[in-house]
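Right, one structure below, let's go through it.
All heavy atoms count here, side chains included; hydrogens, waters and symmetry mates do not. Lettering of chains follows the sequences in order, A, B, ..., and the numbering in each one begins at 1. Predicted model, so just to flag it, every value in this text is computed and none were measured.
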Amino acid sequence: MSLRFVGSLLFATLLLAACGKSATDQPSDLLTVRIGAAAPLTGPQAHLGKDNENGTRMAIEDANAKGIVIGGRKVHFELVSEDDQADPKTATIVAQKLVDDNVSGVIGHLNSGTTIPAAKIYSDNGIPQISPSATAVAYTLQGFKTAFRVMANDAQQGRALGMYAVKSLGAKKIAVIDDRTAYGQGLADEFIKAATAAGAQIVEHEYTSDKSVDFTAVLTAVKAKQPELLFYGGMDAQGGPMARQIKALALNAKFMMGDGGRTPEFIKLAGSSAQGVYASLPGVPLEKMLGGKDFSRRYEAKFNQPIQLYAPYCYDAVNVMITAMQKADSADPAKYLPALANISDDGITAKIQFDGKGDLKGGAVTLYQVQQGQWQALETVGAQ
Amino acid sequence: MEIFLQQIINGLVQGSVYALVALGYTMVYGILGLINFAHGEVVMMGAMISLSVLTALIGIGLSPFLALPLSLTLAMAGCMALGYGIERIAYRPLRHAPRLAPLITAIGVSIVLQNLAMMIWGRDYHSFPQLFSNHTHQIFGAIISDIQLIIVIAALCIMAGLMLLIHRTRLGRAMRAIAENQHAAQLMGVDVNRVISITFMIGSALAAVAGLMVSANYGLAHYYMGFLLGLKAFTAAVLGGIGNLRGAMLGGLLLGLIESLGAGYIGDITGGFMGSQYQDVFAFLVLIAVLVFRPSGLLGERLAERA
Amino acid sequence: MAKLPKYILLLVVVLLPFAIDALLGRGWVRIVDFAMLYIMLALGLNIVVGYAGLLDLGYIAFFAVGAYCYALTGSPHLALAFPQLFPDGLHLSFLVVLPMAALLAGGMGVILGAPTLRLRGDYLAIVTLGFGEIIRIFMNNLNAPVNLTNGPQGISRIDPINIAGMSLNATQKIFGIALPSVHLYFYLFLTFAALVVFVSHRLERSRIGRAWMAIREDEVAASAMGINTRNLKLLAFAMGAAFGGVSGTLFAGFQGFVSPESFSLMESIMVLCMVVLGGMGHIYGVILGGLLLALMPEMLRHSVVPMQQALFGRIIIDPESLRMLLFGTALIAVMLYRPAGLWPSPVRRRELLTDEME
């Protein structure tokens with residue numbers, strides 16, 4: 001009896017799997033080019049993952065509306081979006097699935113921890129990958145020809161933030177908190193390097209986690225050292241409550257975050273405590289770029305919510321990829337990869353050019369401050 | 001000194017939150033000997049329900065002082081229904097099954113609740129409307145806000161209420177009887193199923209209260225907030241002696257204090273070698289040490305043993 | 001199953017990755033590779049939970065120990081920590097690291113086991129859970145003062161597994177047949193999984209196995225029968241941990257990257273689910289549980305969208321949350337209809353029937 005039970009289970013398994021397989025093939029007289037997208041769509045970072053998917057989807061729909069012709073045939077771009085659950089192992093499974101689905105390129109992944117192992121699979125199969133948001137320096141150090149990003153890495157952004165904190169805000173005694181994730185720790189370490197190089201003193205380094213909501217203990221420890229500025233390497237979901245608790249504990253220090261904090265979500269969560277908080281975002285302010293304002297208006301109309309964080313970078317990543325395909329007049333990864341590596345294109349976040357490793361050249365970073373419940377751009381610094 | 005006092009207050013507030021949630025774990029464990037792993041998710045549901053009702057009510061122009069109790073009542077009702085449903089579907093059929101079977105269904109229930117919440121409320125963080133003034137009280141230089149005071153007092157009141165319920169009412173006697181021996185209680189005319197259902201509903205109502213307080217204090221609610229909170233509260237319950245109400249309270253407060261003092265002073269103790277990143281290590285080491293010397297927690301086990 | 005001639009079984013197994021590749025796509029071979037790692041983990045945990053009856057919620061820590069063991073000794077990373085000692089990092093061969101990792105993980109198992117000997121049931125669960133978290137937290141933070149684990153950034157550029165001068169990371173030609181990397185790993189993992197099954201099998205029938213089961217059923221009685229419960233419990237922890245270490249080593253080589261987020265509490269819970277869902281203490285049940293839980297989320301990933309399209313003509317419910325929702329529901333449903341697991345061992349089932357009125 002159990003054997004029969006096991007048998008029927010296995011049969012059902014195969015049936016399910018086969019059903020999934022057959023349904024993905026669609027006949028089409030156009031040239032269908034598939035673009036993969038990978039981000040966490042479940043779990044604690046799902047709101048950011050969905051934002052990435054939305055940005056990618058919008059770029060693809062725009063390209064389809066334009067009626068792009070490659071190799072003499074009209075192209076229909078198709079999005080294949082997958083959930084990597086922010087888990088490195090799932091990321092490699094997803095990467096392999098995208099390869100199997102014959103995507104011509106991949107926009108992803110969101111986290112550094114997923115982007116790094118997935119990059120190996122894309123590289124093995126010669127598929128170009130543009131990460132819209134992975135900031136770990138190690139990503140492009142693996143020596144893969146297919147790995148690119150349209151986001152300043154931790155070193156570029158941490159340097160801009162550290163310089164600004166010391167030179168422009170005049171902070172001499174600085175405290176740092178990081179959330180012990182690849183992103184938060186990486187950014188905080190680069191910030192510390194830049195700030196100490198500029199002559200400031202790190203009076204306290206405390207730690208929290210990306211799942212915490214109560215930061216009063218570490219904030220009290222920070223308060224004891226009376227810093228002039230507190231830098232938090234982490235995301236908005238923790239930064240918001242942290243800003244509230246800073247006010248509640250009467251900790252008198254300027255509060256600064258990286259791109260993880262520069263979101264509408266942060267202002268929503270921090271409430272009135274958001275006033276005066278600093279944060280950075282790689283690239284040039286959207287309003288200043290051609291088509292940037294239009295993008296945020298259309299995004300809000302289409303998805304019924306403001307841009308969370310990386311949607312514009314995803315939009316740029318797709319556009320750069322498609323431009324490279326047009327330049328090479330082919331959607332074949334091997335053919336358009338050289339064109340992608342040498343691309344020079346105006347995006348809505350910055351002018352996009354890659355260096356030899358696949359990092360964004362120039363890597364301009366803009367600093368913002370919350371004023372009257374809005375992020376206002378202060379100045380843009382081009383890190384070398 | 002004022003920094004030390006502030007850390008004590010931080011720990012007490014955080015600990016009261018843990019204690020509130022731990023009470024729910026402990027009630028169920030005391031009677032059934034079962035870890036209700038889904039309890040953290042019930043807290044999350046309570047927070048989400050009360051938050052949406054509250055926002056809706058304030059949206060139609062109701063005064064916050066009317067909207068708050070109303071939303072709490074609705075959230076409690078919702079969570080009680082949920083608790084009842086969870087027990088009926090996932091635990092009751094397995095009452096005589098191998099010990100680990102209900103643990104797996106509990107994990108299943110957690111996953112289902114989490115994703116259900118994600119479908120209903122979306123993936124975004126929801127911010128809690130700022131109802132309470134930012135008014136704070138100073139105690140020798142340390143600061144405590146209104147909502148934090150309410151949390152500490154509410155946790156104490158609820159524990160006292162539960163103690164009364166268990167030791168002074170017929171229902172409480174029935175609960176203790178079941179904890180002692182289910183079959184014997186049944187023979188003595190106790191409606192075991194009914195009492196267990198009620199226990200689950202009380203635990204879930206507490207979860208709703210805890211959920212509302214957590215999201216009011218931290219200003220946010222999110223479909224993923226239950227997991228870590230549940231885990232910490234469970235740890236607190238074990239620390240105090242799971243199944244023991246006073247133990248849950250003590251364990252919760254103690255865990256909160258250990259965490260905040262650990263985060264604040266671990267660097268000084270180890271000469272800067274370890275910092276607040278090891279606060280959980282510190283908490284778990286204390287837990288392990290306690291259990292090695294007192295294998296059933298600080299105050300010992302079970303509702304019944306002290307009766 | 002035993003009636004099938006051995007060589008046919010072998011042939012089926014050898015052809016399996018090719019069949020999966022042709023029918024379902026290469027991604028599925030990779031998924032099956034991971035499933036194999038999970039089966040090894042589940043069998044290792046089965047020794048602790050299934051045989052000796054010790055509830056362990058921190059099992060993934062041993063997987064982590066194995067993975068980091070290979071990550072440190074098989075990548076350029078040590079050059080960062082000790083530039084004088086290892087200018088290019090220490091590139092030890094996989095075959096050298098493997099026994100080392102097993103031994104180290106086994107030792108960790110004993111360290112975990114020692115203070116928990118007196119604890120029972122749920123107290124043991126929370127202490128092992130704490131132990132798992134402690135290991136993860138240390139790995140997440142040991143990038144200072146000496147950069148040992150590279151902290152949350154994880155260790156990348158781990159050498160691929162090399163056997164007899166053949167890298168498993170590239171397509172290899174054997175007898176003129178091209179074997180892609182995932183196929184090679186499939187055979188490697190299968191070999192180890194078979195080894196683990198064999199060892200489990202022998203243990204189950206040995207004096208040690210019987211002693212474990214005696215402890216599981218009644219510790220006091222077992223000790224009265226002259227069983228050294230302390231040593232045997234420690235042995236169970238050590239054996240289970242060693243299996244976890246081995247599969248961790250394989251994982252690091254396969255993935256080429258390890259970071260602490262791969263070793264979260266949720267992973268421990270998943271492995272426990274595999275053991276319990278399949279049928280505690282029964283090797284084939286545990287294999288089935290591991291296979292099912294590793295494959296099911298991926299199956300749902302492939303079928304949720306087409307299923308909705310077939311039923312409603314469009315996508316109504318967000319596929320990702322629906323996928324996890326179905327997964328959770330399946331966990332509940334299986335336990336409700338088969339509380340002893342999908343495929344419990346016949347002996348255990350008999351015991352359960354008598355247990356019931358206790």
Kindly determine whether B/Asp124 and A/Lys50 satisfy side chain to side chain contact (heavy atoms under 4.5 Å, CB included), including the steps that lead there.
CA-CA 10 Å; B/Asp124 292 346; A/Lys50 199 71 189 171; over 6 Å; no

Side chain, backbone, both or neither: which part of A/Ala248 has a non-hydrogen atom closer than 4.5 Å to chain B?
backbone

With a 4.5 angstrom heavy-atom cut-off, which part of A/Leu41 approaches chain B: side chain, backbone, both or neither?
both

Give, for atom [atom1] of [X] and atom [atom2] of [Y], the distance between the pair rounded to the nearest 0.5 Å.
X        : Y        : atom1 : atom2 : result
A/Ile267 : B/Ser127 : CD1   : OG    : 11.5 Å
B/Thr136 : A/Lys247 : OG1   : NZ    : 13.0 Å
A/Leu249 : B/Asn10  : CG    : CG    : 6.0 Å

Taking [Y]'s backbone N and O only, do any of them form a donor-acceptor pair with [X]'s side chain (distance below 3.5 Å, no angle check)?
X        : Y        : value
B/Ser276 : A/Val218 : no
A/Glu265 : B/Tyr125 : yes
A/Asp214 : B/Gln14  : no

Give the member of [options] that has the highest number of heavy-atom pairs under 4.5 Å with chain A.
options                                : value
B/Gly275, B/Gly264, B/Gly219, B/Ala142 : B/Gly219
B/Ile144, B/Ile9, B/Leu229, B/Leu220   : B/Leu220
B/Glu2, B/Gln6, B/Gln7, B/Glu259       : B/Gln7
B/Met225, B/Gln114, B/Arg123           : B/Arg123

Where B/Ala263 and A/Glu206 come nearest, the two heavy atoms and their spacing:
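Closest heavy-atom pair between B/Ala263 and A/Glu206: O-OE1, 3.7 Å.
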
Do you know the tightest heavy-atom contact between A/Ala46 and B/Tyr223?
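Heavy-atom minimum between the residues: CB-OH, 3.4 Å.
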
Taking side chain as everything from C-beta outward and backbone as N, CA, C, O, which of these in B/Phe227 sits under 4.5 Å from a heavy atom of chain A? Side chain, backbone, both or neither.
neither

So do [Y] and [X] actually touch side chain to side chain, heavy atoms under 4.5 Å?
X        : Y        : answer
B/Gln279 : A/Thr208 : no
B/Ile3   : A/Thr220 : yes
A/Lys223 : B/Ile143 : yes

Pair B/Asn115-A/Thr42, side-chain donor/acceptor within less than 3.5 Å:
no

Among the listed options A/Gln305, A/Lys211, A/Arg180, A/Arg244, the residue most often paired with chain B at heavy-atom distances under 4.5 Å
A/Arg244

